[in-house]
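Notes follow once the structure below has been shown.
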Amino acid sequence: MFHIQEKQIQTAFRDLVRIRFGVEAEIVIEQPKQSSFGELALPVAFQLAKALKQAPKKIAADLVEAAGAMPGVASLEVAGNGYINVRFDRGAYGAGLLAGEGEQPAAAAGKTVVEHTNINPNKAAHIGHLRNAVLGDTFVRMLRALGHQVEVQNYIDNTGVQVADVVVGFHFLEQKTPAEVAALIAPEEPGSLRFDYLCWDLYARTSQYYKDHPEALAWRAATLHEIEANHGPLAEMAHLVADAIVNLHLATMLRLNIQYDVLPRESEILHLQFWASAFELLKDRKAIYLEEEGKNKGCWVMPSSAFRGEGDANEDSKVIVRSNGTVTYVGKDIAYQLWKFGLLGKDFYYHPLTRYTDGHDVWVSADTPQPRPAPAFGKATRVYNVIDTRQSYLQDVVVAGLRALGFDAQAEQSIHFSYEMVALSPRCCADLGIELSEEDARRPYVEVSGRKGLGVKADDLMDKLIESALGEVASRHPEDNPVAQQAVAVEIAMGALRYFLLKFTRNTVIAFDFQEALSFEGETGPYVQYAAVRAGRILNKLEERGETLPDFRAELSREAMARQLENEDCWQVLLAASRAGSALERAVTAGEPAHMARYAFQLAQEFSNFYQRFKVLDEPDRERRTFLLWMTEFFALQLKRTLSILGIAVPAYM
RNA sequence: GCGCCCGUAGCUCAGUUGGAUAGAGCGUCUGGCUACGAACCAGAAGGUCGCAUGUUCGAAUCAUGCCGGGCGCACCA
C-alpha cells in the first residue's frame with residue numbers, strides 16, 4: 001500500500017515538474033527524518049534550484065501551489081530550506097489497506113536464473129556455504145514475491161580437483177575399493193561417522209599428504225584423467241563420492257528450507273561437449289586466439305583488454321585452453337553461462353533426482369535421453385551468480401566472454417551477486433580448539449579452509465542451535481510434549497541462523513562467533529518470530545474466549561478509520577506495518593537481502609511496542625477494540641509474509 | 001607492482017545511492033511481569049563518521065592524496 005502511494009506521488013510530481021518548468025527530473029522520495037514532518041519528503045526543489053536559478057524554497061512553494069489536491073494526500077507543505085513534505089489522508093489510507101489494495105505484484109516478463117550453493121561435492125558443507133545458500137535462497141524468495149519467474153540452479157562440479165583428491169585419499173592412502181566406499185556411504189552399523197564428515201577429514205589429510213609428498217600429486221593427475229575418460233575404478237569412485245555428498249548437501253540445505261530446481265553437473269558439460277560448441281563460437285568470433293609466443297605459447301587466450309579496465313597496466317591475458325588442449329575452469333564457465341541464456345545451441349538431458357515433501361522435483365542433468373519429460377531449463381533473460389567476491393576477476397572474464405561474442409544484452413544481464421567470506425573470529429577458533437599460528441592470532445579473523453579442515457560444519461552449527469533453542473523452549477513450556485518442543489526449537493534455531501547470515505550486508509566479512517550466532521535476543525530471527533507469535537496469540541485468545549473476529553470491512557468505516565488513526569502512535573505503527581512492499585522493492589533494487597531482514601526487525605519492533613502499549617483484548621471502547629484487533633491481524637499477516645520472504649517460519653508458540 | 005573491498009558509539013553492524021538533529025543490536029546503568037506470558041518494553045550514558053585537502057546551497061556518502069586492514073591478479077577450481 002505504502003509503495004503504491006509513493007509511486008503515485010512520484011509520477012504526479014514528475015508530470016508537475018515537466019508541465020510547470022519543462023524539465024525532466026528523477027523524483028527522489030525519502031522518509032522524513034522525523035515522523036512529525038509527515039510521511040514522505042521530496043527534495044526535488046534542491047535538485048532543480050541550480051538549473052532554474054531560483055531559490056529551492058520558491059520552487060517548492062510553486063510546486064505545492066501547482067499541485068493542488070492529490071488523491072490520498074491530506075496536505076503538502078514546504079519545510080526547511082525547500083523540502084516538500086507529504087501527509088497522507090489517514091482515513092483513506094486505512095480504508096485502502098482494509099480493502100486489500102496493492103497486494104498483487106505485477107508479473108515480470110522473462111525468466112531469471114539464480115545460481116547458488118555450488119559446493120564442491122567432496123566434503124560436508126560449512127558456514128561459508130551456508131551464507132551463499134541463504135543469500136541466494138532469500139534473494140530468490142524476494143524476486144518471486146515481486147512476481148518474477150525464477151529458476152534456481154545449483155552447479156555441481158563432480159569431476160574437479162576437489163572430488164579427485166578425496167578419491168585419491170580413498171584409493172591411494174586408504175587402499176579402499178569402490179565397494180568399500182559404497183559401504184561407508186550407507187553404513188550398516190548405526191552411529192558411524194556420516195560420509196560427508198568422513199570426507200571432510202580425508203580431504204584435509206590428502207591435502208596435507210601432498211604438502212609432505214609433492215610427488216603424490218601424480219595420483220591426482222591420474223585420477224583426474226580417469227574421471228575425464230569416465231571409466232575405471234577411480235571414475236566409479238568419483239561418481240559414488242560426488243553423488244552421495246550431493247544428496248547430503250541437499251539434505252543439509254533442506255533443513256534451512258532451501259530448495260533447488262535443477263542441478264547442472266560438470267560431468268554432463270564434459271560428456272555433451274558443451275565446451276566444444278563454446279570453443280567454436282569463441283574462435284569464430286575471434287574472442288580468443290592461439291598464442292604463438294611467450295609464456296602462454298600454445299594456449300588459446302583471451303586478451304586482457306577484453307576484461308580489464310583501460311588504465312590497467314596488467315597485460316596478462318587469460319588462458320582459456322591449456323597448451324595440452326584441456327579447457328580451464330573459466331572456459332567451462334563461459335560455456336555454462338551461454339547455456340543459461342540459451343545461446344549455446346545445446347541442452348542437457350534431465351532426470352528427476354528427488355522430490356521434496358511439497359511435491360516439487362529437483363532435476364539433475366543427464367548425458368543421455370531420459371523417459372520423463374523435463375521442464376524447460378535455462379533460456380534466461382537475466383542471470384544472477386551467487387559467488388563470493390574473491391572470484392570477481394573470473395566472473396569478469398566470463399562476462400567479457402559473452403561480450404566478445406557479441407552478446408552485449410546478455411552480458412549486461414549477467415550479474416555477479418557477490419558477497420564477502422565468512423571467517424572465524426579468534427574467539428571462535430579458541431572455542432573449536434584450533435591452535436593458531438602467531439601470525440594468524442594477530443589477525444581480526446581467520447579464513448575458513450577446506451583444505452586444512454578448518455571451519456564450522458553447517459550441520460554441527462544447526463545441531464548446536466537446536467540444542468540451545470530446545471533448552472529455552474523446554475524451560476518456558478515444560479508441560480508441552482517433547483515432539484512439539486523439538487519442532488518449535490528447530491524453527492527457532494533455523495530462524496536464528498538464517499537471520500544471522502542475512503543481517504550483514506553482502507560486502508561485510510562475517511567474523512563468525514558462536515556467541516553472536518547463538519543469540520536469540522535483540523536483532524535476531526527469534527525476536528521477529530516472537531512478535532509474529534504474540535500477534536497470533538492475541539487472535540487465538542479471542543477465540544478461546546468464545547468470540548470471533550469482527551467483520552472488519554463491515555464494522556470499520558472510513559470515518560472510523562480516520563478517527564482511530566488520529567492517534568499518532570496508531571498511525572505510525574500502521575505506517576510501518578504497511579511498508580513491506582516498499583521495503584521489498586528497495587531491497588531488490590539494491591540487491592541487498594539484508595535490507596529485507598532489517599525491515600523485518602523494524603516491523604517486529606513496531607509490533608512489540610504496539611503490544612506493550614495497547615491492551616487489545618481489554619479495550620472497553622467497541623470501535624477502538626475492533627480497530628486494534630484489525631491492526632493485530634494486519635501485523636500478524638505482514639510479519640508472517642515478511643518472515644516467509646526471509647525463509648523463516650512462524651513457530652506454533654514461543 | 002596493479003585491481004577491488006573495508007575503516008561510523010566500548011563491541012558487532014546499518015545508514016534508503018549527495019539532504020533536515022548520524023541510527024540499531026549487544027554490553028553498562030535505571031525502571032517495568034497477576035496470562036494479550038518479559039525470547040519483551042521504557043529510559044540514560046556513549047560519536048573528531050581513519051586523517052587531510054577539494055567539489056557545492058549541503059558530504060559518513062563524490063574526487064584526490066596519505067594511514068591502517070582484508071581479498072584478488074595460475075596452463076587450480
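In what follows, chains carry the letters A, B, and so on, assigned in the order in which the sequence lines appear, proteins first and then strands, with residues in each chain numbered from 1.
Within the 3.5 Å criterion, the main-chain N or O of A:Tyr203 finds a donor-acceptor partner in the side chain of A:Ser207. Of the possible donor and acceptor atoms, none in the side chain of A:Thr138 sits under 3.5 Å from a partner among the backbone N and O of A:Leu135. Distance alone, capped at 3.5 Å, places no donor-acceptor pair between the A:Glu523 side chain and the A:Phe601 backbone.
As judged by a 4.0 angstrom heavy-atom cut-off over every strand, A:Phe46 is placed among the base-contacting residues. Across all strands, A:Phe37 comes closer than 4.0 Å to base atoms (heavy-atom distances). At the heavy-atom level, A:Asn85 lies under 4.0 Å from base atoms of the strands shown.
Here A:His595 reaches the OP1 or OP2 of B:G15: one of its side-chain N or O atoms lies under 4.0 Å away. Under 4.0 angstrom from either OP1 or OP2 of B:G37 there lies at least one side-chain N or O belonging to A:Lys541. Close to B:C75, at under 4.0 Å from its OP1 or OP2, lies no side-chain N or O of A:Asn324. Applying the 4.0 Å criterion to OP1 and OP2 of B:A77, one finds that A:Tyr329 has every side-chain N and O outside that range. A close approach under 4.0 Å does occur between a side-chain nitrogen or oxygen of A:Tyr527 and OP1 or OP2 of B:C41. Between A:Asn120 and B:A77 there is no side-chain N or O to OP1 or OP2 distance below 4.0 Å. Proximity of A:Tyr599 to the phosphate of B:U16: no side-chain N or O atom is located under 4.0 Å from OP1 or OP2. Taking only side-chain nitrogens and oxygens, A:Gln605 comes nearer than 4.0 Å to OP1 or OP2 of B:G25.
Under the Watson-Crick or G-U wobble criterion, with both distances below 3.5 Å, B:U12 is paired with B:A24. In this entry B:G54 has B:C62 as its Watson-Crick or G-U wobble partner, both defining distances falling under 3.5 Å. In this structure, B:G68 and B:C6 make a Watson-Crick or G-U wobble pair, each of the two defining distances being under 3.5 angstrom.
Between the side chain of A:Arg476 and the base of B:A39, a donor-acceptor pair under 3.5 Å is found.
For A:Met421, whose side chain is taken as the heavy atoms from C-beta onward, the closest listed nucleotide among B:G25, B:G70, B:A42 is B:G70. Considering only side-chain atoms of A:Glu521, the nucleotide from B:U16, B:G72, B:A39 that sits closest is B:A39. In the set B:A39, B:U12, B:G37, B:A39 carries the atom at the smallest distance from any side-chain atom of A:Ile492. Of the candidates B:C75, B:U12, B:A77, the closest approach to any side-chain atom of A:Leu394 belongs to B:A77. Distances from the side chain of A:Arg537 to the nucleotides B:G72, B:A39, B:G37 place B:G37 closest. Listed candidates were B:G23, B:A24, B:C41. Nearest to the side chain of A:Ser608 is B:C41. Among B:A20, B:A24, B:A14, the nucleotide with an atom closest to any side-chain atom of A:Pro32 is B:A20. Among the nucleotides B:C73, B:C13, B:C57, the one closest to the side chain of A:Thr508 is B:C13. Of all nucleotides listed (B:C13, B:A77, B:C40), B:A77 comes nearest to the side chain of A:Thr328. Picking from B:U17, B:C75, B:C5 the nucleotide with the shortest atom distance to the side chain of A:Asn507 gives B:C5.
Comparing B:G58 with B:A42, their C1' atoms sit 36 Å apart, to the nearest whole Å. Spacing between B:C2 and B:G10 at atom P, rounded to whole Å, works out to 35 Å. Between B:C49 and B:G37, the two C1' atoms lie 42 Å apart (nearest whole Å). B:A59 sits 26 Å from B:C67 when the P atoms are compared, rounded to a whole Å. Distance noted for atom P between B:C62 and B:G7: 10 Å (whole Å). Rounded to a whole angstrom, the distance from the P atom of B:U55 to that of B:G68 is 28 Å. The same atom, C1', is picked in B:U61 and in B:U8; the two are 12 Å apart, to the nearest Å.
Between the side chains of A:Glu291 and A:Tyr289, a donor-acceptor pair is found at a separation under 3.5 Å. A side-chain donor-acceptor contact under 3.5 Å links A:Glu568 and A:Gln572. Remark: the A:Asp480 side chain and the A:Tyr653 side chain contain an N/O donor-acceptor pair separated by less than 3.5 Å.
Taking atom CD of A:Gln337 as the reference point, atom C1' of B:A77 lies 16 Å away to the nearest angstrom. We find that CG of A:Leu465 is positioned 14 Å from C1' of B:A39, with the value rounded to whole Å. Rounded to whole Å, the distance from CG on A:Asp396 to C1' on B:C71 is 14 Å. The separation between A:Arg534 atom CZ and B:A35 atom P is 13 Å, rounded to whole Å.
Atom NE2 of A:His477 is surrounded by more than 12 heavy atoms from other residues, nucleotides or ligands within 6.0 Å.
Remark: A:Arg506 is positioned above the aromatic ring of A:Phe417, its terminal NZ or CZ atom under 6.0 angstrom from the ring centre and at most 45 degrees off the axis.
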